[in-house]
Student: 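What follows is a single structure, and I will ask about it in a moment.
Small disclaimer: the values here were computed from a predicted structure and weren't measured. Order of the sequence lines sets the chain letters (A, B, ...), proteins ahead of strands, with each chain counted from 1.
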Number of protein chains: 2
Amino acid sequence: MNESVFKAMSDATRRKIIELLKDGPKSAGEIAEHFSHAQPTISRHLTVLKHAKLITDRREGTFIIYQLNTTVLQEWLIWLFDHFGGGEQDEEK
Amino acid sequence: MNESVFKAMSDATRRKIIELLKDGPKSAGEIAEHFSHAQPTISRHLTVLKHAKLITDRREGTFIIYQLNTTVLQEWLIWLFDHFGGGEQDEEK
DNA sequence: TTACTTATTAGCTATATAGCTATATAATGA
DNA sequence: TCATTATATAGCTATATAGCTAATAAGTAA
């Protein structure tokens with residue numbers, strides 16, 4: 001599994017961006033409105049998510065629209081379950 | 001969800017420690033043997049995992065035995081699925 | 001071209017993290 | 001008590017990260 005996905009998902013602001021994009025694509029400005037951070041700060045978070053391939057972007061006029069890459073997100077979840085899920089082991093209390 | 005769990009799981013060395021402990025409790029030394037890092041480096045990773053409550057420790061003589069806290073790990077996985085799983089949305093290609 | 005809007009990039013600061021070596025602590029056993 | 005073993009902590013360096021403001025880029029429209 002790509003380390004960059006773990007690093008991207010380890011930040012609360014970026015996780016909230018992912019949750020916002022679950023409701024559909026949004027422009028960088030729309031995303032930034034949900035936070036109290038400066039807009040360039042959110043832009044850099046978007047870059048981190050993009051490098052992890054968790055989101056894609058496309059330009060629409062002056063807007064840049066970000067969209068969730070559900071495939072990468074779900075492959076990450078599956079990887080996590082494969083490696084860390086269902087690991088009950090004998091309780092030898 | 002506790003931010004410290006995300007931070008703890010975002011490091012490849014710590015994830016490998018978690019995987020090792022899925023096979024059962026191990027001493028700090030046994031764990032360190034699986035890595036090429038210095039022993040204090042692994043000790044610090046164990047501290048990070050302990051603070052996230054992903055592992056517990058108990059002393060047995062001169063050894064300190066670490067054990068996976070499967071509850072915290074599984075609650076994390078469930079939280080992830082609740083927030084990020086099953087998020088298919090209309091493809092408007 | 002100029003002005004306006006949207007967003008990114010540059011450059012900075014402060015803090016966190018991962019690695020190391022050296023030292024300290026804690027238990028055991030002579 | 002002293003030595004040994006197992007492990008943690010202290011103190012350091014180098015790098016990464018998150019935040020900011022200021023500047024740049026790219027599209028639209030007059």
Student: Among the candidates C:dT5, C:dT8, D:dG19, find the nucleotide nearest to the side-chain atoms of A:Thr62.
Tutor: C:dT5
Student: Looking only at side-chain N and O atoms, does A:Arg14 come under 4.0 Å of OP1 or OP2 in D:dA18?
Tutor: yes
Student: Could you tell me whether A:Lys53 and A:Glu75 make a salt bridge, using a distance below 4.0 angstrom between a side-chain N and a carboxylate O?
Tutor: no
Student: If I take atom CD1 in residue A:Ile64 and atom C1' in nucleotide D:dT24, what distance separates them, rounded to the nearest angstrom?
Tutor: 13 Å
Student: Measuring to OP1 and OP2 of C:dA7, would you say a side-chain N or O of A:Ser27 lies under 4.0 angstrom away?
Tutor: yes
Student: Take atom NZ of B:Lys50 and atom C1' of D:dT7, then tell me their distance rounded to the nearest Å.
Tutor: 11 Å
Student: Between C1' on C:dA26 and CZ on B:Arg58, what's the gap in Å once rounded to a whole number?
Tutor: 18 Å
Student: Given D:dT7, is OP1 or OP2 found less than 4.0 Å from the side-chain N or O atoms of B:Ser43?
Tutor: no
Student: Counting only distance, no hydrogens or angles, is the base of D:dA6 paired donor-acceptor with the side chain of B:Gln39 under 3.5 Å?
Tutor: no
Student: Could you state the atom-to-atom distance from CD1 of A:Ile31 to P of C:dT8 in whole Å?
Tutor: 9 Å
Student: Counting side-chain heavy atoms from CB outward, which of C:dG19, D:dT7, D:dG27 is closest to A:Arg59?
Tutor: D:dG27
Student: Side chain of B:Ala38: nearest nucleotide among C:dC20, D:dT7, C:dA7?
Tutor: C:dC20
Student: What nucleotide, of C:dT21, D:dT9, D:dT21, holds the atom closest to the side chain of A:Pro40?
Tutor: D:dT21
Student: Could you measure the distance from the CG atom of A:Asp11 to the CD1 atom of A:Ile18? Nearest 0.5 Å is fine.
Tutor: 11.0 Å
Student: Determine whether A:Thr56 and A:Lys50 make a side-chain contact, defined as any pair of heavy atoms from C-beta on separated by less than 4.5 Å.
Tutor: no
Student: What nucleotide, of D:dT7, C:dA7, D:dC20, holds the atom closest to the side chain of A:Tyr66?
Tutor: C:dA7
Student: If I take atom CD1 in residue A:Ile42 and atom P in nucleotide C:dT9, what distance separates them, rounded to the nearest angstrom?
Tutor: 15 Å
Student: Quick one: B:His37 NE2 to C:dA18 P, roughly how many Å, whole number?
Tutor: 10 Å
Student: Once you round it to whole Å, what is the distance between P of D:dA8 and NE2 of B:His51?
Tutor: 12 Å
Student: Can I get a per-line list of side-chain donor-acceptor pairs under 3.5 Å for residues 25-44 of chain A, giving both atom names and the distance, sequence neighbours left out?
Tutor:
{"from": "A:Lys26", "atom 1": "NZ", "to": "A:Leu20", "atom 2": "O", "distance (Å)": "3.3"}
{"from": "A:Lys26", "atom 1": "NZ", "to": "A:Gly24", "atom 2": "O", "distance (Å)": "3.4"}
{"from": "A:Ser27", "atom 1": "OG", "to": "A:Glu30", "atom 2": "N", "distance (Å)": "3.1"}
{"from": "A:Ser27", "atom 1": "OG", "to": "A:Glu30", "atom 2": "OE1", "distance (Å)": "3.4"}
{"from": "A:Glu30", "atom 1": "OE1", "to": "A:Ser27", "atom 2": "N", "distance (Å)": "3.0"}
{"from": "A:His34", "atom 1": "ND1", "to": "A:Glu30", "atom 2": "O", "distance (Å)": "3.0"}

Student: Through direct or indirect side-chain contacts below 4.5 angstrom among Ile, Leu, Val, Met, Phe, Trp and Tyr, which residues connect to B:Phe63?
Tutor: B:Ile65
Student: Would you say a side-chain N or O of A:Thr41 is under 4.0 Å from OP1 or OP2 of D:dC20?
Tutor: yes
Student: Could you give the NE2-to-P distance, from B:His45 to C:dG19, as a whole number of Å?
Tutor: 4 Å
Student: DNA chain D: B:Lys7 or B:Glu30, which has the more 5' nearest nucleotide?
Tutor: B:Glu30
